[in-house]
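Values reported hereafter were calculated over all heavy atoms of this structure, with side chains retained and with hydrogens, waters and symmetry mates removed. All of these numbers come straight from a predicted model, not from anything done at the bench.
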Amino acid sequence: MFQSSAYTGTKQDNYELLLKQLKALIEDEPDNIANLSNASSLLNQFLDDVNWVGFYLWKEEQLVLGPFQGLPACVRIPSGKGVCGTAVSEGKTQRVADVHAFPGHIACDAASRSEIVVPIYKNGEIYGVLDIDSPSTDRFDEEDESYLDRFVKTLESYL
């Protein structure tokens with residue numbers, strides 16, 4: 001049984017614990033939606049200063065809203081549009097310090113100021129993206145990016 005708890009170690013120690021918690025949550029569950037739901041909840045509980053954490057899944061040549069924590073969101077995002085679509089079209093993590101300075105940003109939540117989006121792959125094909133928004137400018141740093149990339153790699157190994 002999981003309980004909400006404070007992460008009290010260093011940022012690195014806390015992320016390492018998060019990765020262990022993710023694996024414990026998903027390693028025996030074959031349902032991807034259940035695993036993505038728990039993953040978004042785990043991240044939402046772990047990360048401070050965020051207002052949206054979730055997944056978009058690649059379906060019918062576009063991203064479609066998947067499990068998330070936060071306010072209602074945009075339902076469909078084409079490849080190459082906004083931060084999420086750019087992560088898909090470029091095939092790499094997008095860490096945006098100020099979303100209002102990002103060309104073509106899609107404002108699903110007007111309170112969002114910064115964003116990080118990590119593409120997810122299954123069998124070498126795009127599966128979706130992990131999308132995290134913050135109401136603060138420049139919320140995500142290189143260490144966040146590195147660990148969130150590892151978080152997604154862990155997820156990918158169970159898809």
Would you sort out whether Arg76 and Glu61 count as a salt bridge (charged side-chain N to carboxylate O under 4.0 Å, His left out), showing the intermediate values? CA-CA 10 Å; Arg76 296 178 184 273; Glu61 301 302 310; over 6 Å; no
Criterion ring pair (Phe, Tyr, Trp, His ring centres under 6.0 Å) on Tyr15 and Phe46, from CA distance to verdict: CA-CA 9 Å; Tyr15 266 116; Phe46 170 75; 4.9 Å; yes
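- In this structure, the separation between CZ on Phe68 and CG on Leu43 is 15.0 Å, given to the nearest 0.5 Å.
- Counting all heavy atoms, side chain and backbone alike, Leu22 lies closest to Ala39 at CD1-CB, 3.9 Å.
- Other residues, nucleotides and ligands contribute over 12 non-hydrogen atoms within 6.0 Å of the NZ atom of Lys11.
- Between the side chain of Glu156 and the main chain of Tyr121, a donor-acceptor pair closer than 3.5 Å is present.
- Of the possible donor and acceptor atoms, none in the side chain of Ser112 sits under 3.5 Å from a partner among the backbone N and O of Cys108.
- The two residues Pro135 and Arg113 have their closest heavy-atom pair at O-CG, 3.0 Å.
- Under the 4.5 Å side-chain contact rule for hydrophobic residues, Val152 and Val64 do not share a cluster.
- Closest of all the heavy-atom pairs between Ser89 and Gly80 is OG-CA, 3.7 Å.
- Although no hydrogens or angles enter the test, the distance criterion places a donor-acceptor pair under 3.5 Å between the side chain of Asn14 and the main chain of Gly9.
- Distance alone, capped at 3.5 Å, places no donor-acceptor pair between the Ser41 side chain and the Ser37 backbone.
- The CD1 atom of Ile106 sits 6.0 Å away from the SG atom of Cys74 when rounded to the nearest 0.5 Å.
- In this structure, Glu16 and Leu18 have side chains that are not in contact, with every pair of non-hydrogen atoms separated by 4.5 Å or more.
- Salt-bridge check for Arg139 with Asp144: passed, with a basic side-chain N closer than 4.0 Å to an acidic carboxylate O.
- Residues meeting the ring pair (Phe, Tyr, Trp, His ring centres under 6.0 Å) test with Tyr56, sequence neighbours left out: Trp52.
- With hydrophobic clusters built from ILVMFWY side chains whose heavy atoms lie under 4.5 angstrom apart, Phe102 does not share a cluster with Val50.
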Going through the checks in order, is the side chain to side chain donor-acceptor pair (under 3.5 Å) test met by Gln94 and Glu90? CA-CA 9 Å; Gln94 303 292 307; Glu90 293 185 4; 3.2 Å; yes
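- Atom CG of Leu47 sits about 9.5 Å away from atom OG of Ser134, to the nearest 0.5 Å.
- No side-chain heavy atom of Val96 sits less than 4.5 Å from a side-chain heavy atom of Ser114.
- A donor-acceptor contact shorter than 3.5 Å links the side chain of Asp98 to the backbone of His100.
- Contact annotation: the side chain of Phe140 never approaches that of Glu145 to less than 4.5 Å [non-hydrogen atoms, C-beta and beyond].
- Both Leu42 and Leu19 belong to a single network of hydrophobic side chains, linked directly or stepwise wherever heavy atoms of I, L, V, M, F, W or Y lie under 4.5 Å apart.
- Residues passing the ring pair (Phe, Tyr, Trp, His ring centres under 6.0 Å) test with Tyr127, sequence neighbours excluded: none.
- Taking OG1 of Thr93 as the reference point, atom CG of Leu130 lies at 9.0 Å (rounded to 0.5 Å).
- Remark: Ile33 CD1 to Phe55 CZ distance equals 10.0 Å, nearest 0.5 Å.
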Any chance you could lay out the side chain to side chain contact (heavy atoms under 4.5 Å, CB included) test for Val129 and Val118, step after step, and finish with the verdict? CA-CA 5 Å; Val129 298; Val118 183; over 6 Å; no
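- When the side chains of ILVMFWY residues are joined at heavy-atom separations under 4.5 Å, either directly or via intervening members, Leu65 and Ile132 end up in two distinct hydrophobic clusters.
- If you run side chain to side chain contact (heavy atoms under 4.5 Å, CB included) between Pro67 and each of Leu36, Asn32, Asn35, only Leu36 comes through.
- Contact record, Glu29 with Leu25: CB-O, 4.5 Å, taken as the closest heavy-atom pair.
- Of the inter-residue distances, the one linking Glu115 atom CD with His105 atom NE2 reads 5.0 Å to the nearest 0.5 angstrom.
- Criterion: ILVMFWY side-chain heavy atoms under 4.5 Å apart, direct or through other members. Under it, Tyr147 and Phe151 are part of a common hydrophobic cluster.
- Asp49 pairs by the side-chain hydrogen bond (donor to acceptor under 3.5 Å, both in side chains) definition with Ser136, not counting sequence neighbours.
- Val88 has its side chain within reach of Leu63: a pair of non-hydrogen atoms, C-beta onward, lies under 4.5 Å apart.
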